[in-house]
Amino acid sequence: MTGDLDERVQFGIEGLDAMLGGGLLHRSICAIVGTYGTGKTTFALQFVYEGLARGEKAIFISLDERAEMIHDDIRRKGWDLDGYLGTSLYVVKLDPTDFTVAINQIRDELPRLIRNVGATRVVIDPISLFEGIFTDDAKRRQELYRFVEMMRDESCTLLLTSETLQNNPYASKYSLVEYMVDTVILLRYIRPSDLSEVHPAAEVVKMRGSNHSREIKPYEILKDRVQVYSEANVF
Ligand SMILES: Nc1ncnc2c1ncn2[C@@H]1O[C@H](COP(=O)(O)OP(=O)(O)OP(=O)(O)O)[C@@H](O)[C@H]1O
Ligand SMILES: [Mg+2]
């Protein structure tokens, strides 16, 4: 195996990178699956910011929060935004309710944008809103597959986030992305047997082409970063 094939794209979350065997594989596709408020957007922002700090370029496509809200999220963390925005960071808000526009933007304009910017890290937050555009299951599967295949031609590492269904915190809303992406990180709440308080915990469920931790590790969203405690146990 050449060094290139095993090149790691660090998340910038120390404990998580350790669980991933050093980071995501270069040009791979990762999904972060978690219920509302588990920190999907926060993890994705940290992934983007790690790239910027390394001199890379990044595109953050938001399907729920407005671009200004994403900007504020970044500023609130105390991270430099103005030094990157428009030069190496592009935050784009797409409106998933406008069916044709959203599909065309993602399908036709995203590859061009990635190439023009020279982005090596791309986030779509959350992909479940794109999936939700399609009312027919077969069509949804087909379109998501087409999108993932299209993204495999781009020389970037792609991070998708996905909501879960309320009654199943283990699976993405449409139970599709898990099968199509290379890496799945599951974020969920764990309630200890004494019911004292819930703890958020992360787990690498799947990682094609790499060894990875199978342990469930607690994490905390701090003001300026996410901390995954890879040495600690939740139980
Ligand atoms: N400054 C902060 N300090 C501590 N915790 C914070 C801070 N900001 C956000 N959080 C925590 O992060 C959670 C929200 O994270 P985030 O928006 O990344 O979640 P999400 O999974 O993307 O949610 P959604 O599905 O609603 O988009 C909050 O519910 C809160 O618990
Ligand atoms: Mg979010």
Side-chain angles (χ1 to χ4, degrees), residues 11-17 19 24 29-52 58-81 89-97 102 106 121-133 144 158-178 181 183-192 196-205 216-229 232 234:
F11 231 97
I13 301 173
E14 215 176 294
L16 181 62
D17 281 324
M19 292 169 76
L24 297 176
I29 304 180
C30 173
I32 295 191
V33 176
T35 189
Y36 54 87
T38 42
K40 300 178 295 298
T41 302
T42 310
F43 274 69
L45 285 175
Q46 185 121 14
F47 171 74
V48 158
Y49 205 75
E50 175 69 14
L52 298 178
I59 299 172
F60 192 103
I61 311 262
S62 172
L63 283 106
D64 56 3
E65 294 187 47
R66 291 178 181 190
E68 302 74 49
M69 289 166 73
I70 299 291
H71 297 166
D72 289 346
D73 285 345
I74 294 173
R75 286 200 186 96
R76 228 176 272 122
K77 292 176 191 302
W79 299 349
D80 176 26
L81 177 70
L89 172 63
Y90 295 82
V91 180
V92 182
K93 166 73 169 79
L94 293 188
D95 181 1
T97 58
I106 288 192
R121 296 186 186 221
V122 176
V123 168
I124 300 189
D125 178 44
I127 193 70
S128 28
L129 281 179
F130 171 75
E131 295 173 274
I133 291 175
L144 187 65
L158 175 66
L159 180 63
L160 310 173
T161 71
S162 178
E163 299 154 346
T164 59
L165 278 179
Q166 206 163 10
N167 55 6
N168 183 4
Y170 297 94
S172 71
K173 193 160 178 186
Y174 300 100
S175 293
L176 286 176
V177 282
E178 289 91 332
V181 301
T183 304
V184 176
I185 299 168
L186 181 67
L187 304 180
R188 65 189 164 102
Y189 293 112
I190 291 184
R191 194 177 286 277
S196 51
E197 58 180 1
V198 290
H199 299 287
E203 182 182 350
V204 179
V205 185
I216 302 165
K217 294 297 180 187
Y219 65 87
E220 212 176 342
I221 297 176
L222 305 172
K223 190 182 179 303
D224 62 341
R225 73 200 149 91
V226 182
Q227 177 98 41
V228 174
Y229 300 98
V234 274

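As the structure lists them, so they are numbered: ligands from 1, and atoms in each ligand from 1. Hydrogens, waters and symmetry mates play no part in the numbers below; they use all other heavy atoms, side chains included.
- Here the heavy atom of the protein found nearest to atom 1 (N) of ligand 1 is Lys223 CA, 3.8 Å.
- Between the side chains of Glu163 and Thr35, no donor N or O sits under 3.5 Å from an acceptor N or O.
- Within 6.0 Å of CD on Glu65 lie more than 12 heavy atoms contributed by other residues, nucleotides or ligands.
- The minimum heavy-atom distance linking Val48 with Ala58 is given by the pair CG1-CB, 3.9 Å.
- Taken to the nearest 0.5 Å, the OH atom of Tyr219 stands 10.5 Å off from the CG atom of Leu16.
- Residue Thr42 places at least one N or O, backbone or side chain, under 3.5 Å from an N or O of ligand 1.
- Of the protein's heavy atoms, none falls inside 4.0 Å of atom 31 (O) of ligand 1.
- For atom 4 (C) of ligand 1, the nearest protein heavy atom lies closer than 4.0 Å.
- With rounding to the nearest 0.5 angstrom, the OG atom of Ser128 is 7.5 Å from the NZ atom of Lys40.
- What sits closest to atom 28 (C) of ligand 1 on the protein, heavy atoms only, is Gly37 O, 4.2 Å.
- Residue-ligand proximity, Lys40 to ligand 1, at heavy-atom distances under 4.0 Å covers atoms 18 (O), 19 (O), 20 (P), 21 (O), 22 (O), 23 (O), 24 (P), 25 (O).
- Thr41 and Asp125 form a side-chain donor-acceptor contact under 3.5 Å, judged by distance and modelled atom types alone.
- A cation-pi arrangement is absent between Arg188 and Tyr170, since the terminal nitrogen or guanidinium carbon is not both under 6.0 Å from the aromatic centre and inside a 45° cone about the axis.
- Once rounded to the nearest 0.5 Å, the distance linking OG1 of Thr42 with CD1 of Ile74 reads 11.0 Å.
- When every heavy atom of Leu187 is checked against every heavy atom of Gly39, the shortest pair comes out as CD1-C, 4.2 Å.
- Here the CG atom belonging to Leu63 is positioned 5.5 Å from the CG atom belonging to Leu129, to the nearest 0.5 angstrom.
- Regarding atom 6 (C) of ligand 1, its nearest protein heavy-atom neighbour is Ile221 CG2, 3.7 Å.
- With respect to atom 19 (O) of ligand 1, the closest heavy atom belonging to the protein is Gly39 N, 3.1 Å.
- If you number the atoms of ligand 1 from 1 as listed, the ones under 4.0 Å from a heavy atom of Asp64 come out as 27 (O).
- Remark: atom 8 (N) of ligand 1 lies closer than 4.0 Å to no protein heavy atom.
- Of all heavy-atom pairs spanning Val123 and Ala44, the tightest one is CG1-CB, 3.8 Å.
- In this structure, Gly34 falls outside the shell of residues with a heavy atom less than 4.0 angstrom from ligand 1.
- Protein atoms of type N/O/S that fall under 2.8 Å from the Mg ion (ligand 2) number 1 in this view.
- For Thr41, a nitrogen or oxygen atom sits less than 3.5 Å from a nitrogen or oxygen atom of ligand 1, counting backbone and side chain alike.
- A pairwise comparison of heavy atoms in Asp224 and Trp79 identifies O-NE1, 3.0 Å as the closest pair.
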